Protein chains: 2
Amino acid sequence: MTKNGSCGPHGFHKKTIENVKKNVLKDDKINDLAMFFKVFGDPTRIKILYALYLSEMCVCDIATSLELSQSAVSHQLRTLKDTRLVKFRREGKVVYYSLDDEHVIKVLEQGISHITHN
Amino acid sequence: MTKNGSCGPHGFHKKTIENVKKNVLKDDKINDLAMFFKVFGDPTRIKILYALYLSEMCVCDIATSLELSQSAVSHQLRTLKDTRLVKFRREGKVVYYSLDDEHVIKVLEQGISHITHN
DNA sequence: TGTTCGTATGAGCATGTGTTCATATGTACA
DNA sequence: TGTACATATGAACACATGCTCATACGAACA
């Protein structure tokens, strides 16, 4: 990178740079986006999300069927809840979780589609 | 969670648990999926991906327009390249990067759609 | 109200991750 | 071949993150 801030002796990509500078997302949108995806970026959470994709479940059932500790599941559900990827309803002592959003499903499906090469 | 491994005095969610146990994704698929999404889960990489969504760019232009160090960009591009989210072509000294895959765009769009509440 | 069961939460720890700094690689061109 | 520029890479460090363990909260029910 040269002193004028673009490659090449005369900054031959100035237009590209200006265009990008003009159109980058605001910082808070960038952070929201990254936060949103980060939640998908953990094996445990993917397992949970996929389980909820199959059916609504309570904490205990998730822990049992995925062979995870209740605490680990609860911690992760908190994250998933905070980022609005799952919703819940209470029925007595039991709390049932389910996917909150159509986008969650679509994102999951795009991911699966990507890793299976088509 | 009770000794028989499901909630309630008599394990009243057995069917749900069996169903999930039968249909969970294999561990390697889970990991691939998580890995795939994890890459989207960082502000810097989102910025880069979004810039490449706007146009093909060389390393220097990315660094300049996003106000990042050349080294940071290069490191992140390596990650993006390794996970096949971007591709590149060399032209003399300059290396041009671009998005590799339709899924990348769709995932980004789903994410944007999610954070803007519709 | 005391007990039991389901869930939530905080502290602490081990591991992972992104950045910077320094330096290496690679290409063009005099 | 030597120099300049574009990019890549490795080490080191600061910070984030996910788990476990212990414990707290909350609802039902005797």
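Every chain is numbered from 1 and lettered A, B, ... according to where its sequence line falls, protein lines coming before strand lines. Everything numeric here is computed off the predicted structure, so don't read it as measured data.
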Roughly how far, to the nearest 0.5 Å, is CG of A:L33 from NZ of B:K47? 12.5 Å
OH of B:Y96 versus C1' of C:dT27: gap in Å, rounded? 14 Å
Taking donor-acceptor contacts at under 3.5 Å, does the side chain of B:Q70 reach the base of D:dA6? no
Looking only at atom types and distance, does a side-chain atom of A:N19 sit under 3.5 Å from a main-chain N or O of A:K15, one as donor and one as acceptor? no
Would you kindly give the NZ-to-P distance between A:K93 and D:dA27, to the nearest whole Å? 12 Å
In whole Å, what is the span from the CD atom of B:Q76 to the P atom of D:dT7? 16 Å
For atom CG of A:L68 and atom C1' of C:dT7, their distance in whole Å: 15 Å
Nearest 0.5 Å please: distance from the CD atom of A:E18 over to the CG atom of B:D61. 11.0 Å
Distance-only, no hydrogens or angles: does the A:S113 side chain make a donor-acceptor pair with backbone N or O of A:E109 under 3.5 Å? no
Is there a side-chain contact between A:L49 and A:V86 in this structure, where contact means two heavy atoms from C-beta onward sitting under 4.5 Å apart? yes
How many whole angstroms separate atom CZ of B:R90 from atom P of C:dA28? 8 Å
With the side chain of A:R45 defined as its heavy atoms from C-beta on, choose the nearest nucleotide among D:dG18, C:dA8, C:dG18. D:dG18
With the threshold set at under 4.0 Å for non-hydrogen atoms, list the residues of residues 26-38 of chain A touching DNA chain C in residue-number order. none
Which nucleotide in D:dT7, C:dT7, D:dC19 has an atom nearest any side-chain atom of A:A72: D:dC19
Mark this stacking check for B:H75 against D:dT9 as yes or no, applying ring centres under 5.5 Å and ring planes under 30°. yes
To the nearest 0.5 Å, what is the distance between NE2 (B:H114) and CG (A:L85)? 5.5 Å
Check: D:dC21 base within 3.5 Å donor-acceptor of A:S71 side chain: yes
What is the separation between atom CZ on B:F88 and atom P on D:dT7, rounded to the nearest whole Å? 12 Å
So B:Y97, base contact, sugar-phosphate only, or nothing? Heavy-atom distance under 4.0 Å. sugar-phosphate
Give a yes or no on whether the backbone of B:C60 and the side-chain of B:T64 come within a donor-acceptor separation of less than 3.5 Å. yes
Round to the nearest Å and state the distance from A:R78 atom CZ to D:dC25 atom C1'. 14 Å
A:S74 side chain: which of C:dT9, D:dT7, C:dG18 is closest? C:dT9
I need the CG-C1' distance between A:D82 and C:dT9, as an integer number of Å. 12 Å
Per atom distances to the A:S69 side chain, the nearest of D:dT20, D:dA6, D:dA8 is D:dT20
